[in-house]
Amino acid sequence: LLAAYVGYLGLGAAVLQALERPAEMQAAEHLFREHWELLANHTCLQGPALQRLIEGIIQAYKSGITLQGNTTSLGRWDYSGSFFFSISTITTIGYGNLSPSTAIGRIFCIVFALFGIPLNLVLLNEIGQLMLLGVQHCAHHLEEVFHWQNKASFLMKTCALVTGLLLFLLLPPLLFSHKEGWSYEEGVYYSFITLSTIGFGDYVIGMNPDRTYPSWYKNVISLWILFGMAWLALVIKFCINILE
């Protein structure tokens with residue numbers, strides 16, 4: 001089992017290296033070329049000063065601040081943004097695009113997560129059990145009405161899988177395409193990375209300063225995350241049973 005585990009990781013690393021390494025090198029070359037062209041075309045700029053400005057912009061972006069003309073955009077730490085951060089914390093998604101910058105905020109985050117993560121797991125377990133009971137109840141009802149046995153259980157499990165795929169993985173990307181400007185493929189990728197709690201942070205909803213988001217947007221996405229995680233946990237549990 002350990003050999004299969006390490007081999008699976010090695011295979012994944014080899015495939016990812018082959019797919020992503022060329023794009024990484026191309027992006028690095030492009031950035032290096034743009035940097036020197038900027039210094040060459042604007043001789044008043046000094047290399048160290050430009051480097052300090054770049055580092056300052058990166059640090060500000062990590063804090064949720066972006067430049068818009070002569071002003072800066074704020075809003076990642078308003079109530080809706082803070083609520084979404086709380087969701088990403090206790091669900092252990094941890095996008096990494098936003099984090100507390102004050103000492104007291106970091107201490108609170110530790111205490112908040114310490115009690116919030118178990119609370120989240122208990123709730124997800126209850127939601128998952130309710131979903132499972134609903135599927136079993138429908139299967140039992142079909143058995144009584146149509147006198148099916150194994151067919152009813154298989155049919156309801158298939159319907160639950162297809163419904164979950166539609167509600168949590170296939171339809172939400174349409175909303176993300178409309179609100180975020182992402183492609184459908186990017187929306188599917190974000191949906192799975194979020195609901196599986198991988199949370200790379202390369203795509204996060206509600207963070208584009210050039211777009212206006214409705215007040216209900218992050219609240220609806222928070223509910224989608226909660227129920228979607230419960231559904232995906234059942235699917236992963238099924239996959240675990242197959243592997244075992």
Side-chain angles (χ1 to χ4, degrees), residues 16 19-35 37-38 53-101 162-232:
L16 287 170
L19 294 175
E20 299 296 330
R21 182 64 174 173
E24 179 189 37
M25 295 179 66
Q26 183 178 2
E29 291 174 0
H30 177 74
L31 179 61
F32 189 74
R33 185 169 58 252
E34 289 286 328
H35 176 264
E37 285 181 0
L38 181 64
L53 176 62
I54 293 173
E55 291 173 356
I57 292 174
I58 293 173
Q59 188 60 41
Y61 182 78
K62 288 181 178 179
S63 301
I65 302 170
T66 55
L67 289 173
Q68 292 180 308
N70 294 325
T71 62
T72 56
S73 66
L74 299 172
R76 291 193 180 186
W77 285 114
D78 58 9
Y79 188 78
S80 63
S82 300
F83 185 84
F84 192 72
F85 173 79
S86 299
I87 285 283
S88 67
T89 298
I90 67 172
T91 55
T92 69
I93 295 173
Y95 289 115
N97 68 309
L98 190 63
S99 58
S101 59
V162 172
T163 302
L165 282 172
L166 287 173
L167 289 178
F168 301 120
L169 288 180
L170 300 181
L171 292 181
L174 298 176
L175 176 63
F176 300 143
S177 296
H178 176 64
K179 295 298 182 183
E180 305 290 342
W182 299 340
S183 67
Y184 185 79
E185 173 270 327
E186 289 171 330
V188 173
Y189 168 79
Y190 166 77
S191 299
F192 182 80
I193 293 301
T194 294
L195 298 184
S196 61
T197 73
I198 295 173
F200 288 127
D202 48 352
Y203 290 90
V204 184
I205 60 104
M207 295 299 174
N208 191 340
D210 297 326
R211 290 181 173 267
T212 302
Y213 302 98
S215 57
W216 53 264
Y217 183 52
K218 287 187 177 181
N219 296 330
V220 170
I221 298 303
S222 297
L223 288 175
W224 166 76
I225 288 175
L226 188 63
F227 286 92
M229 283 179 60
W231 171 80
L232 191 58

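Owing to the predicted nature of the structure, the values given are computational and were not obtained by experimental measurement. In this chain, residues are counted from 1 in sequence order.
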- Item | Derivation of the side-chain contact (heavy atoms from CB on, under 4.5 Å) call for W231 and L165 | CA-CA 9 Å; W231 171 80; L165 282 172; 3.9 Å; yes
Between atom [atom1] of [X] and atom [atom2] of [Y], what is the distance when rounded to the nearest 0.5 Å?
| X | Y | atom1 | atom2 | answer |
| --- | --- | --- | --- | --- |
| W182 | L174 | CH2 | CG | 13.5 Å |
| S191 | I205 | OG | CD1 | 11.0 Å |
| I93 | I193 | CD1 | CD1 | 11.0 Å |
| N219 | W216 | CG | CH2 | 10.0 Å |

Evaluate the side-chain proximity of [Y] to [X]: yes if any heavy-atom separation is below 4.5 Å, no if none is.
| X | Y | answer |
| --- | --- | --- |
| D202 | Y189 | yes |
| M229 | I225 | yes |
| Q26 | H30 | no |
| L226 | I87 | no |

- Item | Partner residues of S177 under the side-chain hydrogen bond (donor to acceptor under 3.5 Å, both in side chains) criterion, sequence neighbours left out |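 Listed in chain order: nothing, the list is empty.
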Donor-acceptor under 3.5 Å ([X] side chain, [Y] main chain):
| X | Y | result |
| --- | --- | --- |
| Y213 | N208 | yes |
| Y184 | L170 | yes |
| W224 | F168 | yes |

- Item | Heavy-atom closest pair, residues H178 and R211 |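 Shortest heavy-atom contact: O-NH1, 3.7 Å.
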- Y217 versus G206, closest heavy-atom pair with distance: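 For Y217 and G206, the tightest heavy-atom pair comes out as CE2-N, 4.1 Å.
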- Query: What salt bridge (charged side-chain N to carboxylate O under 4.0 Å, His left out) pairs are there with at least one residue in residues 163-186, not counting sequence neighbours?
  - Reply: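 Every pair satisfying salt bridge (charged side-chain N to carboxylate O under 4.0 Å, His left out) with a residue in residues 163-186: there are none.
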- Task: Mind checking side chain to side chain contact (heavy atoms under 4.5 Å, CB included) for S196 and listing every partner two or more places apart, or none if nothing turns up?
- Result: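 S196: side chain to side chain contact (heavy atoms under 4.5 Å, CB included) contacts with F192, I198, L232.
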- Query: Only one of Y79, Y95, W77 clears ring-ring contact (aromatic ring centres under 6.0 Å, His included) with F85; which?
  - Reply: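 Of the listed options, the one satisfying the test is W77.
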